[in-house]
Number of protein chains: 2
Amino acid sequence: MPAELFSIKMKNKKAPVVTIPRLSFYYRALMEKSDTQFVSSQELAELTGTSAAQVRKDFAYFGQFGAAGKGYRVDFLKNSITRILGVDKKWPVALVGVGNLGSALLSYKGFLRQGFHVVAAFDSDEEKIGRELAGVIVQNIDALKDEIKLKKIKIAVVTVPQQAAQDVIDKLVRSGIKAILNFAPVRPRAPKSVEVHNIDLSIELERLAYFLSNSPRRIFGAH
Amino acid sequence: MPAELFSIKMKNKKAPVVTIPRLSFYYRALMEKSDTQFVSSQELAELTGTSAAQVRKDFAYFGQFGAAGKGYRVDFLKNSITRILGVDKKWPVALVGVGNLGSALLSYKGFLRQGFHVVAAFDSDEEKIGRELAGVIVQNIDALKDEIKLKKIKIAVVTVPQQAAQDVIDKLVRSGIKAILNFAPVRPRAPKSVEVHNIDLSIELERLAYFLSNSPRRIFGAH
DNA sequence: TAGATTGTTAATCGATTAACAATC
DNA sequence: TAGATTGTTAATCGATTAACAATC
């Protein structure tokens, strides 16, 4: 059993889900910082728009990373976050649905930077099958299971139309996928052992519309 | 002053931010439901994966929409949610950055359905300027301000590369944009009066990597 | 040593859940 | 009327913030 996994799981209480994306932001801020060896929770807070207490608390869920009076050693912290997030490993990713959005994501080089690498793409459209996109040959969706097993893929990105989404996700789950980033505008059902995160454009736009419709506009005399 | 706006603002306490996307989910669930005239908080909860108490509470922030003993009238509820979210209006949208992702979003018909309509697209690349995409002619980014004023655009989608994002967002703010959906992997600075929501692919993938790295795998003997 | 800053505990804040009187 | 279900209040849960002893 990896020693650090044990310590991560045992330490204190479980980190709140919102801590995880914050770790990513801390990491990004640290990437910009090669000028000094140490960084304080205060400085990291300013760089990421949170509070010093929050920064310290977030790290504390995973162990002790700092030195009282000095702060956090930048390299060590970067390394630690990388290990906590699991981005010290390479992650092969499957992409299902090579439409406009799927193609765009395939070509998105930002993925590679973090160790995520789309190694398989699938579609049901005969037109698209066999074509090459960003170095990946689009395969028939029937090849999904074998390919996922073969390449030991655990993460899938779903960019199929709404109606196809639940079917595709069922198939991914049956193929052994453990984490799914879904762009189809549905809340798909999946077993609790599979983590499904949804990115939903219409929901995001509606949140903005709400903000615009309900933001105070001088009407109530506020400032 | 619109009467319902007044009542929305005055009613109870301010709705928590997480209530808003839930309203969108309730709305979607209601769209599927034309078989009965009434729906109960219990049924809506089951359809959207939340609790009946949560459903009632969410609506209660905005007024009284139900009838004790009967439930909520489906049509009335749909209408009310539409009004609360502000999607009863048409929202012209500007898109900045017509790369892979920007083009994909331009062609994404899902936008239209909710009353969001990309009516202007901008890029700095001479290659792209003048081209037509999904019925919109890509304009030079210098035309941003005039176009936004002219078309009274309040919402912008930003799909430019990381390095350009802050500049573009500053420009949008100066042009009078009030809500921004940003896909560039930065936390942009903007005045509090402008609502900026970020969709960040790498952060989402890192969250999934964290889940995969830290999910219990039989190691601790749990089930 | 004196000053700075951590890690942690306690206090606060905010959101969810439970319970139930009001009422259709 | 009896049964169902709302709207709301109180209890619980979880996350953030404040405060400070420990310590580099």
Side-chain angles (χ1 to χ4, degrees), chain A residues 7-8 10-26 29-30 33 36-78 80-81 84 207 210, chain B residues 7-8 10-26 29-30 33 36-78 80-81 84 207 210:
Chain A
S7 86
I8 286 166
M10 295 299 114
K11 187 74 199 174
N12 297 334
K13 298 216 276 299
K14 202 161 138 287
V17 284
V18 281
T19 285
I20 312 310
R22 279 198 302 259
L23 292 180
S24 293
F25 294 129
Y26 302 147
L30 291 170
K33 252 203 102 49
T36 55
Q37 227 182 340
F38 282 87
V39 65
S40 68
S41 56
Q42 182 54 43
E43 191 179 358
L44 217 32
E46 278 158 20
L47 290 168
T48 55
T50 181
S51 71
Q54 182 80 82
V55 171
R56 293 200 298 278
K57 198 106 226 274
D58 282 342
F59 292 145
Y61 290 114
F62 301 101
Q64 309 202 161
F65 299 97
K70 308 202 75 179
Y72 300 88
R73 189 167 213 111
V74 174
D75 308 4
F76 178 65
L77 198 54
K78 274 201 250 184
S80 303
I81 296 177
I84 293 166
R207 295 211 298 146
Y210 171 81
Chain B
S7 85
I8 285 166
M10 294 299 116
K11 187 75 201 174
N12 295 335
K13 296 217 276 299
K14 202 162 137 289
V17 284
V18 283
T19 286
I20 312 311
R22 278 198 302 259
L23 292 180
S24 294
F25 295 128
Y26 301 147
L30 291 169
K33 251 202 101 49
T36 57
Q37 226 182 343
F38 282 88
V39 65
S40 68
S41 56
Q42 182 55 43
E43 191 181 358
L44 217 32
E46 278 157 21
L47 289 168
T48 55
T50 182
S51 70
Q54 182 80 81
V55 170
R56 294 200 299 277
K57 198 108 227 272
D58 282 341
F59 291 144
Y61 290 113
F62 302 100
Q64 310 203 158
F65 299 97
K70 309 201 74 180
Y72 300 88
R73 189 167 214 111
V74 173
D75 308 5
F76 177 65
L77 198 53
K78 274 201 252 185
S80 303
I81 296 177
I84 294 166
R207 295 211 299 145
Y210 171 80

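In what follows, every chain begins at residue 1, and chains take the letters A, B, ... in the order their sequences are listed. Computed from a predicted structure; not experimentally measured.
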Worksheet item: Distance check: side-chain N/O of A/Ser41 vs OP1/OP2 of C/dT6, anything under 4.0 Å?
Response: yes

Worksheet entry | Validation row: B/Leu44, B/Ser41 side chains within 4.5 angstrom (heavy atoms) | no

Practice prompt. Please report, rounded to the nearest Å, how far the C1' atom of C/dT5 is from the CD atom of A/Gln42.
Written response: 10 Å

Fill in: Selected nucleotide, minimal atom distance to B/Pro16 side chain, candidates C/dA15, D/dG7, C/dT6
C/dA15

Practice prompt. Would you classify A/Tyr72 as touching base, sugar-phosphate or nothing, given that sugar-phosphate means primed atoms plus P, OP1 and OP2, and contacts are heavy atoms under 4.0 Å?
Written response: sugar-phosphate

Fill in: Nucleotide nearest A/Tyr61 (side chain, heavy atoms from C-beta), chosen from C/dA15, D/dT16, D/dC24
D/dT16

Response to the item:
Against the side chain of A/Ser51, the closest entry in C/dT6, C/dC24, D/dT17 is D/dT17

Worksheet item: Separation of B/Phe65 atom CZ from D/dT8 atom P, in whole Å?
Response: 11 Å

Worksheet entry | d(CZ, A/Arg73; C1', C/dT6) in whole Å | 16 Å

Worksheet item: Can you check whether A/Leu77 reaches A/Phe59 side chain to side chain, under 4.5 Å on heavy atoms?
Response: yes

Worksheet item: Between C/dT9 atom P and A/Gln64 atom CD, what is the distance in whole Å?
Response: 11 Å

Worksheet item: Which sits closer to the 5' end of DNA chain D, B/Lys57 or A/Val18, going by the nucleotide each is nearest to?
Response: B/Lys57

Worksheet item: Please give, in whole Å, the distance from D/dA4 P to B/Leu44 CG?
Response: 20 Å

Worksheet item: For A/Phe59, which contact category applies under a 4.0 Å heavy-atom criterion: base, sugar-phosphate, or nothing?
Response: nothing

Fill in: Shortest side-chain distance from B/Arg56, nucleotide among C/dT8, C/dT23, C/dA19
C/dA19

Worksheet item: Parallel, tilted or perpendicular: which describes the rings of B/Tyr210 and A/Phe62, with under 30° parallel and over 60° perpendicular?
Response: perpendicular

Practice prompt. Could you tell me which nucleotide pairs with C/dT23 by Watson-Crick or G-U wobble geometry, both distances under 3.5 Å, or answer none if nothing does?
Written response: D/dA4

Worksheet entry | Along DNA chain D (nearest heavy atom to each residue), the more 5'-positioned of B/Ala68 and A/Asp58 | B/Ala68

Worksheet item: Is B/Leu30 close to B/Leu47 at the side-chain level, that is, under 4.5 Å between some pair of heavy atoms?
Response: no

Worksheet item: Between B/Phe65 and B/Ile84, is any pair of side-chain heavy atoms under 4.5 Å apart?
Response: yes

Response to the item:
In Watson-Crick or G-U wobble terms, with both distances under 3.5 Å, the base opposite D/dG14 is C/dC13

Fill in: Nearest-neighbour nucleotide for the A/Ala53 side chain, D/dT16, D/dT6, D/dT17 considered
D/dT17

Item to complete: Among the candidates C/dA19, D/dC24, C/dT17, find the nucleotide nearest to the side-chain atoms of B/Gln54.
Response: C/dT17

Worksheet item: Please give, in whole Å, the distance from D/dT6 P to B/Tyr26 OH?
Response: 12 Å

